[in-house]
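First the structure, in the form of structure tokens, and then the observations on it.
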Amino acid sequence: MGRYTKEDVLRLVEEEDVEFIRLQFTDIFGVLKNVAITASQLKRALNNQCMFDGSAIGGFVRIEESDMYLYPDLDTLEIFPWRPQQGKVARLICNVRFPGGGIFEGDSRYILQKTLQEIREYGYTFDVGPECEFFLFQCDENGLPTTQTYDKAGYFDLGPLDLGENARRDMVLNLEDMGFVIEASHHEMACGQHEIDVGYEEALATADNIMTFKLTVKSIAKRHGLHATFMPKPVYGAHGSGMHVNMSLSQNGKNIFGDKKDPCGLSKTAYFFMAGILQHAKGMSLITNPLVNSYKRLVPGFEAPVYIAWSAVNRSPLIRVPASGPENARIELRSPDPCCNPYLTLALCLAAGLDGIKKKLEPPKSIDQNIFEMTEAQRAQLGISRLPLTLGEAIEEFEKDEFIKGVLGTHITEQYLKQKKAEWSAYQTQVSDWEVGQYLMKF
């Protein structure tokens with residue numbers, strides 16, 4: 001049963017002096033969109049009567065079928081604590097539907113909801129905790145972002161080396177004001193790089209939280225005169241930003257990924273789930289790592305996963321089993337970056353894991369040595385393959401994985417591929433500064 005009714009929302013908006021409500025939704029590429037209404041229009045919005053032009057949103061619908069409606073999820077009502085205290089601003093996260101209430105298969109939030117419905121038939125709950133990394137950069141005299149940071153701090157450093165400490169603390173306090181459980185925050189490996197870890201929640205709430213998290217981080221950074229970016233690899237030669245995804249299944253409130261008798265503390269169900277993700281890892285990459293830039297993070301030497309393997313003692317494989325004990329057993333997928341659409345990413349993780357459970361797939365043996373230090377021959381002998389090297393390869397792997405395409409449905413599959421093929425083609429024709437510097441004088 002939900003937290004709020006329509007009457008609750010109307011009452012809270014009036015009591016809290018909320019003047020603007022943002023009706024938010026996420027497009028298929030993971031970009032947050034919204035339309036703002038005043039409190040006088042809230043009743044109409046709660047009756048699902050707010051319409052917008054779906055043909056203006058990339059990957060949605062054609063101009064001939066452009067009328068679409070926003071269906072607010074009442075339980076996502078939240079007041080932004082960083083906005084004015086008089087005439088406050090709140091938000092409601094919405095699903096997107098056709099006129100008459102018909103399901104829109106291009107609504108990524110719906111894709112996750114549909115996938116979650118399948119596991120509820122088994123009595124499962126899918127719990128997820130993300131680890132989101134980002135950079136804080138200086139802005140120029142026009143307020144536009146640069147890739148400059150005066151920060152010289154490294155992993156776990158603190159002020160005065162960590163010049164983003166105050167901004168990060170402000171982000172955490174604002175997130176907690178909105179009900180987030182923040183487990184930790186700290187400076188990351190690269191200069192100007194930070195991480196804030198959000199507590200475990202059910203998958204739909206987590207995906208909503210990731211979108212809210214990114215909006216909050218960017219908004220608070222701006223108040224501090226900084227630009228926050230979730231771009232996977234904004235600086236050559238530095239560590240990139242990932243979004244490690246910690247996952248487990250529970251049943252009747254009990255974590256079913258744990259087994260005290262197992263050396264890694266994992267149950268057979270957890271191993272089956274892991275095997276499903278490993279099997280579909282290449283096909284999922286286009287969603288978990290959606291940009292040309294994503295594949296400049298996924299290279300050896302910067303702690304980003306490259307090879308499809310798992311371990312409980314080694315951080316170089318794709319999947320890590322944290323030493324959390326059987327009661328809190330989980331697996332950590334290390335490849336996603338924070339530019340991914342979290343609804344689609346979590347839907348695919350769950351569907352692939354469930355596929356492994358249904359088929360009782362067995363994962364390969366754990367790789368407990370540093371894969372980066374192995375030779376190509378050693379990796380081949382152990383049967384270790386790697387993730388796609390480029391967005392182009394990710395497109396090819398996605399097109400080969402019929403299961404992954406089936407989870408996303410025809411609409412998202414076709415529209416996503418169309419956009420990503422155009423993006424890859426545009427990138428291939430560009431002439432970079434590196435090429436000019438390398439070849440102009442020589443040839």
Side-chain angles (χ1 to χ4, degrees), residues 126-133 155-156 183-184 186 188-189 193 195-200 203 206 232 239-249 255-259 262-282 284-285 288-289 294 297-338 340 342 345-346 348-350 352-353 356 361-374 379 382-387:
F126 184 41
D127 300 309
V128 182
E131 301 172 19
C132 296
E133 297 173 341
Y155 194 63
F156 272 34
E183 294 187 343
H186 58 87
E188 257 295 339
M189 297 291 291
Q193 189 183 32
E195 178 177 316
I196 298 176
D197 298 336
V198 178
Y200 242 55
T206 294
H239 286 72
S241 291
M243 188 186 76
H244 299 170
V245 179
N246 294 272
M247 299 172 277
S248 63
L249 290 177
N255 185 342
I256 61 171
F257 270 16
D259 184 348
D262 182 74
C264 297
L266 293 182
S267 66
K268 292 293 288 182
T269 300
Y271 283 115
F272 295 152
F273 191 96
M274 180 198 300
I277 291 180
L278 291 171
Q279 184 173 89
H280 294 289
K282 291 182 181 181
M284 291 166 55
S285 286
T288 58
N289 307 93
S294 297
R297 167 183 166 252
L298 298 177
V299 295
F302 296 96
E303 296 192 359
V306 176
Y307 300 104
I308 301 173
W310 74 276
S311 176
V313 297
N314 178 13
R315 289 175 182 264
S316 63
L318 176 66
I319 290 178
R320 184 174 79 94
V321 181
S324 50
E327 289 186 4
N328 298 306
R330 64 187 190 272
I331 64 172
E332 177 189 71
L333 180 65
R334 297 170 58 79
S335 59
D337 64 55
C340 72
T345 294
L346 297 190
L348 291 184
C349 287
L350 175 57
L361 298 179
E362 294 284 350
K365 288 182 64 176
S366 66
I367 304 297
D368 297 334
Q369 62 193 101
N370 191 335
I371 303 176
F372 297 133
E373 294 179 353
M374 293 180 184
R379 287 191 288 267
L382 291 169
I384 301 172
S385 60
R386 65 164 295 155
L387 294 171

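Scope of the values below: all heavy atoms of this structure, side chains included, with no hydrogens, waters or symmetry mates. Each residue takes its place number in the sequence, starting with 1.
With sequence neighbours excluded, the residues satisfying ring-ring contact (aromatic ring centres under 6.0 Å, His included) with His280 are Phe403. In terms of the side chain to side chain contact (heavy atoms under 4.5 Å, CB included) criterion, residue partners of Ile256 (sequence neighbours excluded) are, by chain and number, Tyr124, Leu249, Gln251, Thr269.
Side chains of Phe257 and Ser324 form no contact here, defined as non-hydrogen atoms less than 4.5 Å apart. At least one side-chain heavy atom of Tyr271 sits under 4.5 Å from a side-chain heavy atom of Asp262. Residues Met374 and Tyr307 are not in side-chain contact: their nearest non-hydrogen atoms beyond the backbone lie 4.5 Å or more apart. You'll find the side chain of Ile371 stays beyond 4.5 Å of the side chain of Leu382, heavy atoms only. Here the side chains of Gln193 and His239 are in contact, with some heavy-atom distance below 4.5 Å. Side-chain contact between Arg297 and Glu303 is absent, with no heavy-atom pair separated by less than 4.5 Å. Residues Pro342 and Thr206 form no side-chain contact, since every pair of their non-hydrogen atoms from C-beta on lies 4.5 Å or further apart. Residues Glu131 and Asn246 have side chains in contact (heavy-atom distance under 4.5 Å, counting atoms from C-beta outward).
Closest non-hydrogen pair, Gly353 versus Ile277, comes out as N-CG1, 4.1 Å. Closest non-hydrogen pair, Gly242 versus Glu133, comes out as N-OE1, 2.8 Å.
Counting heavy atoms of neighbouring residues, nucleotides and ligands inside a 6.0 Å radius, atom CD of Glu327 does not exceed 12 of them.
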